[in-house]
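Here the structure comes first, spelled out in structure tokens, and everything after it is commentary.
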Amino acid sequence: ATSDGLEQIITMGKGAVRVSARELYEEAIMEKYNFTLERKAVTGWGEMEEAYIESVQQGEPIAHLVDLDYRFLAKPLSMGLFYDLATLDEFDFSEEKWNSAVREGMTFGSSIYGMRSDVSVPAGGIIFNKRLFEEAGLDPNLPYDLQAAGEWTWSKFEELCGILTRDTNGDGQTDVYATVSQGAQTIQSLVFSTGEDFIVKDAEGIFHNNLSSKNVTDAIDFALQLYEKGYEMPQPEDTNWDYFTDAFVQGKAAMQFNELWMCEWDGFYGNNMEDELGFVMPPKPDGAKGYYSYANDTVLVIPSCYDEKTASDIAFAYNLFSVLIPEDKSRDEWKYRYMVKDERIETDTLDYFNVGKSTFYLTHMLAEGIWDSIGPDLLWLYPFKEVAPEAQIKEISEKWEALLEEANRGRGDTDAE
């Protein structure tokens with residue numbers, strides 16, 4: 001289905017209102033098929049999880065379709081409060097319009113419990129300071145060029161770290177570091193650069209502990225190598241946990257593992273950052289074919305309390321509502337917030353997150369225990385000065401055994417770890 005024409009001007013009263021192709025299409029299908037679909041905020045963000053659960057349990061959902069934050073999926077999923085979308089003939093999830101990362105993340109065996117027809121909003125990557133690249137004798141756009149050439153690898157990243165870490169006044173002390181980052185972001189980005197997660201899900205939808213896999217342990221080891229070689233700025237004494245933000249703004253490091261939103265006005269630029277920033281995917285392991293990162297997307301669900309007829313009607317309406325329209329540019333609107341100074345963020349990087357290279361952060365799907373554990377038990381301990389990561393992984397794995405068994409109950413092989 002498509003709209004007629006790119007835009008139309010409709011005269012109303014004293015002036016003219018410009019109506020988009022998307023709006024024209026939506027009006028046409030609602031009139032033709034006699035339904036109304038409205039987007040509304042039904043509760044505050046912090047109350048959404050509990051409001052959803054209570055309303056579905058009472059048989060009176062807060063909406064026919066509910067857009068849930070990724071952090072609010074685990075509990076209602078474990079309680080069976082999402083309708084199985086795979087049973088609805090109105091949906092064909094092989095179509096281009098469906099977000100593949102969300103589809104894969106919400107697939108359990110032959111069942112699909114959530115969907116997204118919008119592209120993924122980019123998350124983890126490398127933010128870099130172009131001025132500090134130039135001062136180190138490097139092309140300020142080098143990360144973009146390496147990324148495009150397929151040469152943005154762990155070894156190349158380490159090579160650049162050696163160049164970017166500098167003693168600028170000859171006193172034998174490092175004045176500019178290659179990186180300054182929150183440890184959690186460093187480990188997350190490097191783990192996901194391998195295409196994996198701390199938790200993986202098999203074809204039957206069973207969660208498995210992936211902490212001891214080679215990709216995860218290699219990523220942690222690589223992060224520690226960078227730290228031990230002096231490429232990463234250590235936390236100064238008597239500073240807050242977020243010291244890395246001010247340090248980056250002040251030009252004390254050339255790169256930071258962080259999420260893309262920090263490149264907008266709510267991030268570094270709104271914190272008096274004067275230097276131009278670039279953003280690329282996390283570097284890939286040597287020998288890897290592609291770049292990978294993670295996405296933290298909202299997920300659209302249909303409450304499980306609906307009968308088959310009602311669910312089918314909802315699916316019919318939303319399937320029409322989510323049709324891709326060639327003239328519609330609204331799917332790209334999320335990009336514009338990041339176009340603060342450097343247009344190459346859009347032209348060179350953003351689409352990597354939407355060509356099958358972003359992974360839905362599965363660890364969030366177990367928020368009742370495992371997501372609560374991954375931070376204090378692993379990510380926040382970096383650079384592991386008091387405990388070896390191997391020992392910590394073993395301890396966490398023992399804690400996760402019962403949590404995974406509970407999460408997997410009722411799905412496939414319930415004896416899976």
Original post:
Counting only N and O atoms by type, is there a donor-acceptor contact under 3.5 Å from the side chain of Y306 to the main-chain atoms of I314?
Top reply: no
**OP:** Over all heavy atoms of both residues, which pair between V56 and S304 is shortest? Give the atoms and the distance, please.
**Re:** CG1-OG, 3.9 Å
Original post:
What is the minimum heavy-atom distance between L37 and Y318, and which atoms define it?
Top reply: CD1-CD1, 4.3 Å
Original post:
Okay, side chain of D242, backbone of T245: is any donor-acceptor separation there less than 3.5 Å?
Top reply: no
Subject >> Parallel, tilted or perpendicular: ring planes of W45 versus F72, cut at 30 and 60 degrees >> reply: tilted
Subject >> Step-by-step side-chain hydrogen bond (donor to acceptor under 3.5 Å, both in side chains) determination, N319 to E90 >> reply: CA-CA 7 Å; N319 192 52; E90 289 78 10; over 6 Å; no
**OP:** Taking the side chain as every heavy atom from C-beta outward, state whether Q185 and E259 have any pair of such atoms under 4.5 Å apart.
**Re:** yes
Subject >> Pair S189-Y294, side-chain donor/acceptor within less than 3.5 Å >> reply: no
Original post:
So, for F279 and C263, which heavy atoms are closest and what is the spacing to 0.1 Å?
Top reply: CB-SG, 4.2 Å
Original post:
If you look at every heavy atom in V180 and Q256, which pair is closest and at what distance?
Top reply: O-NE2, 2.8 Å
**OP:** Kindly state whether the ring of Y83 and the ring of Y113 have centres lying under 6.0 angstrom apart.
**Re:** no
**OP:** Tell me, with the steps shown, if T179 and S181 meet side-chain hydrogen bond (donor to acceptor under 3.5 Å, both in side chains).
**Re:** CA-CA 6 Å; T179 69; S181 308; 4.8 Å; no
Original post:
Any donor-acceptor pair under 3.5 Å linking the side chain of N210 with the backbone of D197?
Top reply: yes
Original post:
Taking C-beta and beyond as the side chain, do I126 and P283 meet within less than 4.5 Å on heavy atoms?
Top reply: yes
Original post:
Do the non-hydrogen side-chain atoms of C305 and P61 ever get within less than 4.5 Å of each other?
Top reply: yes
**OP:** Using atom types as modelled and distance alone, determine if a side-chain donor or acceptor of N240 lies under 3.5 Å from a backbone N or O of Y243.
**Re:** no
Original post:
Tell me, do N258 and Q182 make a side-chain contact under 4.5 Å, heavy atoms counted?
Top reply: no
Original post:
Is NZ or CZ of K201 both nearer than 6.0 Å to the six-membered ring centre of F108 and within 45° of the ring axis?
Top reply: yes
Original post:
Would you say P282 and L190 make side-chain contact, with heavy atoms under 4.5 Å?
Top reply: no
Original post:
Do the ring planes of F222 and W154 sit parallel (below 30°), tilted (30 to 60°) or perpendicular (above 60°)?
Top reply: parallel
**OP:** Kindly say whether S155 contributes a backbone atom to a donor-acceptor pair with the side chain of D286 at under 3.5 angstrom?
**Re:** yes
Original post:
So, does S111 use its side chain to make a donor-acceptor pair with the main chain of D84 at under 3.5 Å?
Top reply: no
Original post:
Taking the side chain from R116 and the backbone from L300, do they hold a donor-acceptor pair closer than 3.5 Å?
Top reply: no
Original post:
Got a salt bridge between K309 and D307, using NZ or NE/NH1/NH2 to carboxylate O under 4.0 Å?
Top reply: no
Original post:
L224 and P389: which non-hydrogen atoms are nearest, and at how many Å?
Top reply: CD1-CG, 3.8 Å
Original post:
Quick one: do E276 and K130 make a salt bridge, cutoff under 4.0 Å?
Top reply: yes
Original post:
Is there a donor-acceptor pair closer than 3.5 Å between any side-chain N or O of Y291 and the backbone N or O of Q147?
Top reply: yes
Original post:
So do the side chains of D377 and E395 get within less than 4.5 Å of each other, counting heavy atoms only?
Top reply: no
**OP:** Using the six-membered ring wherever Trp is involved, compare the ring planes of Y227 and Y382 and label them parallel, tilted or perpendicular (cut-offs 30° and 60°).
**Re:** perpendicular
Original post:
Do side-chain atoms of K284 reach the backbone of G150 as a donor and acceptor pair under 3.5 angstrom?
Top reply: yes
Subject >> Within the 6.0 Å centroid threshold, strictly below: W152 and Y144 >> reply: no
Original post:
For Q235 and T239, what are the C-alpha separation, side-chain angles and deciding distance, and is it a side-chain hydrogen bond (donor to acceptor under 3.5 Å, both in side chains)?
Top reply: CA-CA 7 Å; Q235 180 173 359; T239 57; 3.3 Å; yes
Original post:
Would a 4.5 Å heavy-atom cut-off, applied to side chains only, mark I396 and L211 as touching?
Top reply: yes
Subject >> Verdict with supporting geometry, F360 and F192, ring pair (Phe, Tyr, Trp, His ring centres under 6.0 Å) >> reply: CA-CA 10 Å; F360 194 74; F192 278 90; over 10 Å; no
Original post:
Does the ring center of F157 lie less than 6.0 Å from the ring center of F257?
Top reply: yes
Original post:
Step by step, would you call Q188 with Y361 a side-chain hydrogen bond (donor to acceptor under 3.5 Å, both in side chains)?
Top reply: CA-CA 10 Å; Q188 283 178 173; Y361 206 155; 3.0 Å; yes
**OP:** For R103 and I112, work out which heavy atoms get closest and say how close.
**Re:** CG-CD1, 4.4 Å
Original post:
Is the ring centre of F321 less than 6.0 Å from the ring centre of Y25?
Top reply: no
Subject >> Presence of salt bridge, E26 and R39, under 4.0 angstrom >> reply: yes
Original post:
Between E49 and R71, is there a salt bridge with N-O shorter than 4.0 Å?
Top reply: no
Original post:
Should the heavy atoms of other residues, nucleotides or ligands under 6.0 Å from CG of D89 be counted, would the total exceed 12?
Top reply: no
Original post:
Is it true that the side chains of S117 and W98 contain a donor and an acceptor less than 3.5 Å apart?
Top reply: no
Original post:
Does the separation of the ring centres of F35 and Y33 fall below 6.0 angstrom?
Top reply: no
Original post:
K97 and D92: salt bridge (charged side-chain N to carboxylate O under 4.0 Å, His left out), yes or no, with the steps?
Top reply: CA-CA 10 Å; K97 67 181 179 181; D92 177 1; over 6 Å; no
**OP:** Determine whether the side chains of S120 and N99 contain a donor N or O and an acceptor N or O closer than 3.5 Å.
**Re:** yes
Original post:
Is the shortest distance from a Lys or Arg side-chain nitrogen in E134 or R131 to a carboxylate oxygen in the other one below 4.0 Å?
Top reply: no
**OP:** Check whether any side-chain heavy atom of Y177 lies under 4.5 Å from a side-chain heavy atom of M255, and answer yes or no.
**Re:** no
**OP:** Give a yes or no on whether the backbone of F207 and the side-chain of N408 come within a donor-acceptor separation of less than 3.5 Å.
**Re:** yes
Original post:
Any ion pair linking D221 and K214 (charged N to carboxylate O, less than 4.0 Å)?
Top reply: no
